[in-house]
Participant: 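Below is the structure I would like to discuss, written out as structure tokens.
Computed from a prediction, not measured in an experiment: that's the story for all the values here. Ligands are counted one by one from 1 in listed order, and the atoms in each one are counted from 1 as well.
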Amino acid sequence: MSTRRKFLKNSLAATAGVGLVGTACAETSQTTVVRSNKPKALSTWVHGIEANEEAMRVMAEGGNALDGAEKGVMVVEADPKGSSVGLGGLPDRDGNVTLDACIMDHEGNAGSVCFLQNIKHPIAVARKVMEETPHVMLAGEGAKRFALAQGFAEENLLTESSKKAWEEWLKSAEYNPIINVENHDTIGLICQDTQGNLSGSCTTSGLAYKMHGRVGDSPIIGAGLFVDNDYGAAVATGMGELMMKTLGSFLVVELIRQGAAAQEACEDAIQRIVDKLDYKSFQVGYLAMDIAGNTGAYAIHPGFNYAEMVDGKNELIDAKSYLNG
Ligand code: SD4
């Protein structure tokens with residue numbers, strides 16, 4: 001833990017109640033973080049470029065951060081060429097495309113679906129769960145039934161090329177998730193709107209050739225995504241089991257709440273995995289933004305990149321990593 005945070009932790013403990021003043025800024029005993037009201041989009045991997053583009057367009061037209069977070073990732077869900085999200089996602093070992101997604105807004109509302117089949121936009125279903133039900137998460141058949149009742153169409157999501165890749169995989173049927181390749185491309189998106197509010201989304205077809213019924217971190221609030229509009233937001237990508245065991249996205253935001261910079265929080269959350277779990281053959285990447293619009297990104301292995309868009313500039317950036325090469 002950094003000296004600064006040790007100091008903050010001690011002083012926060014000594015002055016319980018210090019933490020938030022109004023809604024305009026989060027205050028620690030040492031720093032005051034001023035909320036930005038400049039629209040911004042931050043998302044995982046190269047497909048984040050198009051997700052950011054759409055999110056910023058939606059927010060420029062009057063949508064809020066939640067609209068941006070939902071609509072941005074829907075572009076990626078609908079792209080049949082992407083083999084890790086929505087339509088065209090690589091299937092489980094039995095040939096079924098099963099989808100996980102969650103969404104969280106600036107008021108702490110959250111919705112999620114997991115193990116959902118034959119619905120192209122799980123993120124939009126997750127938003128409906130958040131807005132139309134008293135629950136946070138719907139799974140499998142129940143999630144699908146709910147989606148159909150909400151007017152979503154049932155469709156085949158297994159494209160010819162994903163089917164071919166699966167048939168090729170079946171020849172050896174060896175399950176060996178490869179770092180940064182094909183099965184680690186979840187889209188997680190954090191948006192900040194003109195009100196300075198934060199929302200986030202996360203959607204994936206999960207690990208390719210996983211066991212039927214396997215659910216990853218992406219639909220789990222606190223693992224794949226967490227938003228605390230008083231402090232910051234975080235999303236995760238990679239081998240979901242590692243984020244689930246450490247509740248990684250919550251941890252990143254909690255560290256920001258305790259005074260860490262977004263970058264330091266991502267690094268500490270990766271360190272938590274390194275300290276506790278068998279991490280060497282798996283990739284995990286965290287991406288975070290605080291209410292001032294400061295961003296952070298960190299991964300276990302090199303290769304994780306993310307897209308950041310602000311002031312009309314949309315950039316793909318390589319994240320730093322714990323291991324190098
Ligand atoms: C999962 N975290 O299902 C997801 C996979 C992923 O980038 O992130 N891919 O474990």
Participant: Based purely on interatomic distance, does D100 place a nitrogen or oxygen under 3.5 Å from a nitrogen or oxygen of ligand 1?
Facilitator: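 For ligand 1, there is no N or O atom that lies under 3.5 Å from one belonging to D100.
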Participant: Need the ligand 1 atom indices (1-based, order shown) with element for anything under 4.0 Å from a heavy-atom of T237.
Facilitator: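 It comes down to these atoms of ligand 1: 6 (C), 7 (O), 8 (O), 9 (N).
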Participant: Should the pair W169 and Y209 be assigned to parallel (<30°), tilted (30 to 60°) or perpendicular (>60°) ring geometry?
Facilitator: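 If you compare the ring of W169 with that of Y209, the planes turn out parallel.
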Participant: Dump the intermediate steps for salt bridge (charged side-chain N to carboxylate O under 4.0 Å, His left out) on K38 and D311, then the final yes or no.
Facilitator: CA-CA 8 Å; K38 190 182 269 197; D311 284 336; 3.0 Å; yes
Participant: Are side-chain heavy atoms of R35 and N229 found at a separation under 4.5 Å?
Facilitator: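 When only atoms from C-beta onward are counted, N229 and R35 do touch, with a gap below 4.5 Å.
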Participant: Would you say the ring centers of F115 and H212 fall short of 6.0 Å from each other?
Facilitator: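 Yes, they do, as the ring centres are separated by less than 6.0 Å.
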Participant: Considering the heavy atoms of S218, write down every atom of ligand 1 situated less than 4.0 Å from one of them.
Facilitator: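 Per the distance check, 2 (N), 4 (C).
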Participant: Below 3.5 angstrom, do we get any N/O pair linking G238 and ligand 1?
Facilitator: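 N/O-N/O distance under 3.5 Å: yes.
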Participant: Taking atom 2 (N) of ligand 1 as the point of reference, which of L207, T186, V215, D217 owns the nearest heavy atom?
Facilitator: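 Among L207, T186, V215, D217, the closest heavy atom to atom 2 (N) of ligand 1 belongs to D217.
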Participant: When you look for heavy atoms under 4.0 Å from ligand 1, do you find them on the side chain of R214, its backbone, both, or neither?
Facilitator: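 R214 to ligand 1: side-chain contact only, backbone stays beyond 4.0 Å.
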Participant: Closest heavy-atom contact between N118 and N156?
Facilitator: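 Nearest pair, atom of N118 first, then N156: ND2-CA, 4.0 Å.
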Participant: List ligand 1 atoms under 4.0 Å from G206, heavy atoms only on the residue side.
Facilitator: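 Under 4.0 Å from G206, ligand 1 has these atoms: 3 (O).
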Participant: Do other residues, nucleotides or ligands put more than 12 heavy atoms under 6.0 Å from the CD atom of E174?
Facilitator: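 Check fails, neighbour count at 12 or below.
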